[in-house]
Novice: 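Submitted below is the structure of interest, expressed as structure tokens.
Quantities reported herein were computed from a predicted structural model and do not represent experimental measurements.
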Amino acid sequence: MTEIGKRMKILYLMRIFNEETDEAVGLTMPQIIERLSEMGISAERKAVYRDIEALRQFGMDIRVFQRAPVEYALVNRRFSLPELLLMTDAVQSSRFLTKGKSEDLVRSIKTLASKREAKSLSKRMHVEGRIKMQNESVYHNVDIIQEALRLKRKVEFQYYKYDLEKNKKLQHDGMVYMETPVQLIYSDGYYYLVVYNDKHTNFTNYRVDRMVEVKISEERATRNADIATFDVTEYESRAFGMYRGEAISVDLLVKEDAMSGVIDRFGKDVQVTPYDDEHAKVHAVVMESPVFYGWVAQYGDSIRIVQPKRLVDGYVDYLKGIIGSYE
């Protein structure tokens, strides 16, 4: 065997253990030597023993199964099968990913498992709303935004929505936005960019897949105390559907059948105090928006806004507007 062949042998051996063995299935020594031979590598039993020991020293958890005959297998990997299944489910269930990109990522995840385990990662999952994301420009936009964050620069872009004919319509006659990027957020199947707006001195957000002609600006990003203390968890808990609105404190009367939904929305640390035999009072901070009113409406009379009056009146007007559209 040539010198290069000797050096390649241990790499091929590593591939064999990665692809063909796991905690349930191993290979006998004759099988290992046969696999190497199929790859054009001749090997003696003693040399393979030495290579296995070298791989162990390198950190691979290769163990001996005392079976008849004895088998060798890579037992522990960087990711366990349940972890790989979790990653696969997350990828396949994401509305943000195109079908093609989802399949590409699942193929990459499969390389982290043995061939036997990879078969269990091939299940198909129906994803509601997948059709909403049909292009992959968002990945390019995310890369640019991440680089702008690293360089502490503003980002420039145009922003579109759809008109009644389903055509893309640039907002503000194609105006170029120039904003300070603060945080990327993945919410409800989409990426959003939270920015700080100098003109209005507040935070707002944009759907990344609706941003076009995204560029890193030459202008330095704005730096101030508000940006430095920005709390993404707090921002997400207040926003409904990432809808931009004014943050406002609200008190809700909640029945027991709706409390699980409240905790899902605001977290277990939400402030709750006893009220009466049927209700608890929940205090939270939300973004005033039609999306918030829609969230309350889905619980019928199990959630009631009690204050501030501004939100009570806004909710009543929201419901009247819906009823009025049917009259």
Novice: Between Y206 and Y177, does a ring-ring contact (aromatic ring centres under 6.0 Å, His included) hold up when you go through it step by step?
Specialist: CA-CA 11 Å; Y206 298 92; Y177 295 73; 5.4 Å; yes
Novice: Is there a continuous path of hydrophobic side-chain contacts, each under 4.5 Å between heavy atoms, that joins Y299 to L311?
Specialist: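 Shared cluster, yes.
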Novice: Evaluate salt bridge (Lys or Arg N to Asp or Glu O under 4.0 Å) for E288 paired with R310, printing each intermediate quantity in order.
Specialist: CA-CA 10 Å; E288 181 183 8; R310 166 181 162 186; 2.6 Å; yes
Novice: Do V212 and Y159 come within less than 4.5 Å of each other through their side chains, counting heavy atoms only?
Specialist: no
Novice: Roughly how far, to the nearest 0.5 Å, is the CG atom of L36 from the CD1 atom of I16?
Specialist: 4.0 Å
Novice: Which heavy-atom pair separates S114 from D22 by the least distance, and what is that distance?
Specialist: OG-OD2, 2.7 Å
Novice: Please confirm whether the ring centroid of F230 lies under 6.0 Å from the ring centroid of F203.
Specialist: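 F230 vs F203: aromatic centres under 6.0 Å.
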Novice: Got a second to check how far T201's OG1 is from K199's NZ, nearest 0.5 Å?
Specialist: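 These two atoms lie 11.5 Å from each other.
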Novice: Hey, what do you get for NE2 (H279) to CG (L252), rounding to the nearest 0.5 Å?
Specialist: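 H279 NE2 to L252 CG: 11.0 Å, rounded to 0.5 Å.
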Novice: Do the side chains of Y49 and I33 join up, straight or via other hydrophobic residues, at under 4.5 Å, putting them in one cluster?
Specialist: yes
Novice: One thing to verify: whether R304 and D251 come together as a salt bridge, which I'm taking to mean a side-chain N less than 4.0 angstrom from a carboxylate O.
Specialist: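 The answer is no: the pair does not qualify as a salt bridge.
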Novice: So, do M211 and Q158 sit near enough that their side-chain heavy atoms are less than 4.5 Å apart?
Specialist: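 SC-SC contact between M211 and Q158 ruled out.
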Novice: In the structure I gave you, are the side-chain heavy atoms of R153 and E218 within less than 4.5 Å of one another anywhere?
Specialist: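 Side-chain contact under 4.5 Å: yes.
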Novice: Would V232 and I185 count as a side chain to side chain contact (heavy atoms under 4.5 Å, CB included) if you check the C-alpha gap in whole Å, the side-chain angles of each, and the deciding distance to 0.1 Å?
Specialist: CA-CA 8 Å; V232 65; I185 294 176; 3.6 Å; yes
Novice: Which heavy atom of A258 sits nearest to which heavy atom of I303, and what is that distance?
Specialist: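 Closest approach of A258 to I303, heavy atoms only: CB-CG1, 3.8 Å.
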Novice: Could you tell me the separation between the CG atom of L253 and the CG atom of D301, rounded to the nearest 0.5 Å?
Specialist: 11.5 Å
Novice: Does the side chain of W295 come within less than 4.5 Å of R265's, by heavy atoms?
Specialist: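 Yes, side chains in contact.
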Novice: Side chain to side chain contact (heavy atoms under 4.5 Å, CB included) between N18 and L74: does it pass, once the steps are laid out?
Specialist: CA-CA 7 Å; N18 270 308; L74 176 62; 3.3 Å; yes
Novice: Has E71 got more than 12 heavy atoms of other residues, nucleotides or ligands less than 6.0 Å from its CD?
Specialist: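 Correct, the count exceeds 12.
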Novice: Below 4.0 angstrom, N of the basic side chain to O of the carboxylate: do K255 and D257 qualify?
Specialist: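 Not counted as a salt bridge, because no side-chain N and carboxylate O are separated by less than 4.0 Å.
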Novice: Show the nearest heavy-atom pair for residues E147 and I216, with the distance to one decimal.
Specialist: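 Here E147 and I216 meet closest at CG-CD1, 3.5 Å.
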Novice: What I'd like to find out is whether the side chain of Y186 reaches to under 4.5 Å of the side chain of V142, using heavy atoms alone.
Specialist: no
Novice: Answer yes or no on whether K169 is positioned over the face of Y160, meaning its NZ or CZ is under 6.0 Å from the six-membered ring centre and within 45° of the axis.
Specialist: no
Novice: If you draw a 6.0 Å radius around CD in E256, do more than 12 non-hydrogen atoms from other residues or ligands fall strictly inside?
Specialist: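 No - once you tally the heavy atoms of other residues, nucleotides and ligands closer than 6.0 Å, there are 12 at most.
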Novice: Are any side-chain N or O atoms of Y196 and backbone N or O atoms of N224, one a donor and one an acceptor, separated by less than 3.5 Å?
Specialist: no
Novice: Do L86 and I109 land in one hydrophobic cluster if side-chain heavy atoms of ILVMFWY residues count as linked below 4.5 Å?
Specialist: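 Looking at the clustering, I109 is in a separate group from L86.
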Novice: Same hydrophobic cluster for F17 and M8, using side-chain heavy-atom links shorter than 4.5 Å among ILVMFWY?
Specialist: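 The answer is yes; both residues are in one hydrophobic cluster.
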Novice: Would you give the length of the straight line joining atom CG of L184 to atom OH of Y191, rounded to the nearest 0.5 angstrom?
Specialist: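 Going from CG on L184 over to OH on Y191, the span is 7.0 Å.
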Novice: Evaluate whether atom CG of D264 has more than 12 neighbouring non-hydrogen atoms of other residues, nucleotides or ligands under 6.0 angstrom away.
Specialist: yes
Novice: Backbone N or O of T222 within a donor-acceptor pair of the T180 side chain at under 3.5 Å?
Specialist: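 Judged by distance alone, yes, a pair lies under 3.5 Å.
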Novice: Does atom CZ of R67 have more than 12 heavy-atom neighbours from other groups under 6.0 Å away?
Specialist: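 Atom CZ in R67 is packed in, count exceeds 12.
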Novice: Which heavy atom in L81 sits nearest to a heavy atom in L121, and how many Å separate them?
Specialist: CD1-CD2, 4.3 Å
Novice: Looking only at heavy atoms, which two atoms of P181 and A148 are closest? And how far apart?
Specialist: CG-CB, 4.3 Å
Novice: With a 4.5 Å limit on heavy-atom distance, are the side chains of V285 and I248 in contact?
Specialist: no
Novice: Which donor-acceptor pairs under 3.5 Å do the side chains of residues 57-65 make with protein atoms, sequence neighbours left out?
Specialist:
unit_1 : atom_1 : unit_2 : atom_2 : d
Q57    : NE2    : E53    : OE2    : 3.1
D61    : OD1    : R63    : NE     : 3.0
D61    : OD2    : R63    : NE     : 3.2
D61    : OD2    : R63    : NH2    : 2.9
D61    : OD2    : N76    : ND2    : 2.5

Novice: Any salt bridge linking K215 with E156? Criterion: basic side-chain nitrogen under 4.0 Å from a carboxylate oxygen.
Specialist: no
Novice: With a 4.5 Å heavy-atom cut-off, do R77 and L84 have their side chains touching?
Specialist: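 In short, these two side chains do not touch, never coming nearer than 4.5 Å.
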Novice: Decide side chain to side chain contact (heavy atoms under 4.5 Å, CB included) for V208 and I145; before the verdict, give the C-alpha distance in whole Å, the side-chain angles of both, and the deciding distance to 0.1 Å.
Specialist: CA-CA 9 Å; V208 173; I145 292 166; 4.2 Å; yes
Novice: Check this for me: does any side-chain nitrogen of one of E179 and K154 sit under 4.0 Å from a carboxylate oxygen of the other?
Specialist: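 Between K154 and E179 there is no salt bridge, as every charged N stays at least 4.0 Å from the carboxylate O atoms.
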Novice: Quick one: do L27 and L55 end up in the same hydrophobic cluster if we chain Ile, Leu, Val, Met, Phe, Trp and Tyr together by side-chain heavy atoms under 4.5 Å apart?
Specialist: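 Shared cluster, yes.
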Novice: Look at atom CZ of R220 and say whether more than 12 heavy atoms of other residues, nucleotides or ligands are closer to it than 6.0 Å.
Specialist: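 Yes, the 6.0 Å shell around CZ holds more than 12 heavy atoms from other groups.
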Novice: Can you pull out every salt bridge (charged side-chain N to carboxylate O under 4.0 Å, His left out) where at least one residue sits in residues 311-322? Sequence neighbours excluded, please.
Specialist: K309-D313
Novice: Between V70 and Q66, what is the shortest heavy-atom contact and its length?
Specialist: CG2-OE1, 3.9 Å
Novice: Does E44 CD have over 12 foreign heavy atoms under 6.0 Å away?
Specialist: no
Novice: Could you state the interatomic distance from OH (Y192) to CG (D209), rounded to the nearest 0.5 Å?
Specialist: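 Separation between the atoms: 8.0 Å.
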Novice: Quick one, I52 with Y72, criterion side chain to side chain contact (heavy atoms under 4.5 Å, CB included). Give me CA distance, side-chain angles, the key distance, then yes/no.
Specialist: CA-CA 9 Å; I52 290 175; Y72 301 82; 4.2 Å; yes
Novice: Look only at the side chain of Q31 and the backbone of T28, and say whether a donor-acceptor pair between them is shorter than 3.5 Å.
Specialist: yes
Novice: For E20, run the side-chain hydrogen bond (donor to acceptor under 3.5 Å, both in side chains) check against K115, R35, R116 and tell me which one passes.
Specialist: R35
Novice: What pairs meet the ring pair (Phe, Tyr, Trp, His ring centres under 6.0 Å) rule with one or both residues in residues 306-327, with sequence neighbours excluded?
Specialist: Y293-Y315, Y293-Y318
Novice: Contact between F157 and E213 at the side-chain level, heavy atoms closer than 4.5 Å - yes or no?
Specialist: no
